[in-house]
Protein chains: 2
Amino acid sequence: MTIAQVAERTGLTAHTLRYYERTGLLLEPPPRGGNGHRRYTDRDADWIRLLSRLRGTGMSIAGLRRYADLARRGEDTYAARKELLLAHRAEVVAKIEQLQDDLAHVDYKIEIYDKLMGER
Amino acid sequence: MTIAQVAERTGLTAHTLRYYERTGLLLEPPPRGGNGHRRYTDRDADWIRLLSRLRGTGMSIAGLRRYADLARRGEDTYAARKELLLAHRAEVVAKIEQLQDDLAHVDYKIEIYDKLMGER
DNA sequence: GCTTGACTTAGACCGCGCTCGAACTCGCAG
DNA sequence: CTGCGAGTTCGAGCGCGGTCTAAGTCAAGC
């Protein structure tokens, strides 16, 4: 699998994929074909999709790196990795609740405009 | 009301409040007391709280500025302001859905660790 | 009169997460 | 042989949203 294909499958750009690799988010640098191009496996793509989702939920690059570092250390770190995800999960849940709360205030403000305009 | 009190009530810092003012997010610059200090009204604080909530839901500073510009133009812009908030509302709803979707994948990953560890 | 603390300004600086540009190498089609 | 397209590296640059510093002013309390 080429970098362009991984880009397509993960929603990240090739630039970003190289950046993630540089900054230590991959379990290991993908091996190169004879032409020097990166060759990704499906497992690589799955890992990157997970990274992308964690980013999407607001985990920082530093957080991703901590997770990747644990993953690289093998099965001894299952518990630690689970803890990391659970802690992050809690943050996401809190963020969703905050969003819903803020949204309610926005809705309230929208209603006010309705009333000011006489429900036109 | 002093800047420190507004900071406390909005969760923003005094620095940030001045920055928001500089960048045109306030309806009008708060008037100064005899000592040159800003004096905010409750309405100011309410406006800033709204800004803060919109920021919390991901509206950009540029978006806030558009909203403030409309608000400054008076009641002719009620409809435009409502539209702006509705558009933003839709983005927030989409974001919440995305978060919930990503969260489901994180949960799935957590379960996998449970299984790998034999449900300890 | 002096210190303390809350405020003021202008402008520099920062951390994050990309994002891009320049210059290069390959492999392949025409 | 000549493009062309897809990849490569290194390093610089950027947009966002603050965040902070330095130097100053003022009021109140000791």
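In what follows, chains are A, B, ... by sequence order, proteins preceding strands, each numbered from 1.
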DNA chain D nearest-nucleotide lookup for R22(A) and R39(A): closer to the 5′ end is R39(A)
What's the closest nucleotide to the side chain of [X] if the choices are [options]?
{"X": "R18(B)", "options": "dG18(D), dT9(C), dC26(C)", "value": "dT9(C)"}
{"X": "R32(B)", "options": "dG7(D), dT9(C), dG18(D)", "value": "dT9(C)"}
{"X": "H15(B)", "options": "dC20(D), dT8(C), dC18(C)", "value": "dC20(D)"}
{"X": "T16(A)", "options": "dT19(C), dG7(D), dG18(D)", "value": "dT19(C)"}
{"X": "N35(A)", "options": "dT19(C), dG27(C), dG17(C)", "value": "dG27(C)"}
{"X": "I61(A)", "options": "dT8(D), dG18(D), dG17(C)", "value": "dG17(C)"}

Check this one for me: any side-chain N or O of [X] less than 4.0 Å away from OP1 or OP2 of [N]?
{"X": "Y20(A)", "N": "dC18(C)", "value": "yes"}
{"X": "T2(A)", "N": "dG7(D)", "value": "yes"}
{"X": "R38(B)", "N": "dT8(C)", "value": "yes"}

Side chains of L25(B) and I48(B) in contact at under 4.5 Å (non-hydrogen atoms)
no
Give the minimum heavy-atom separation between L12(B) and S52(B), together with the two atoms involved.
CD2-OG, 4.2 Å
Can you work out whether H37(A) or Y19(A) has the more 5'-proximal nearest nucleotide on DNA chain C?
Y19(A)
Could you check R72(B) against D69(B) for salt bridge (charged side-chain N to carboxylate O under 4.0 Å, His left out), going step by step and ending with a plain yes or no?
CA-CA 5 Å; R72(B) 234 175 273 114; D69(B) 288 346; 2.8 Å; yes
Parallel, tilted or perpendicular: which one describes the rings of Y67(B) and Y113(A), with boundaries at 30° and 60°?
perpendicular
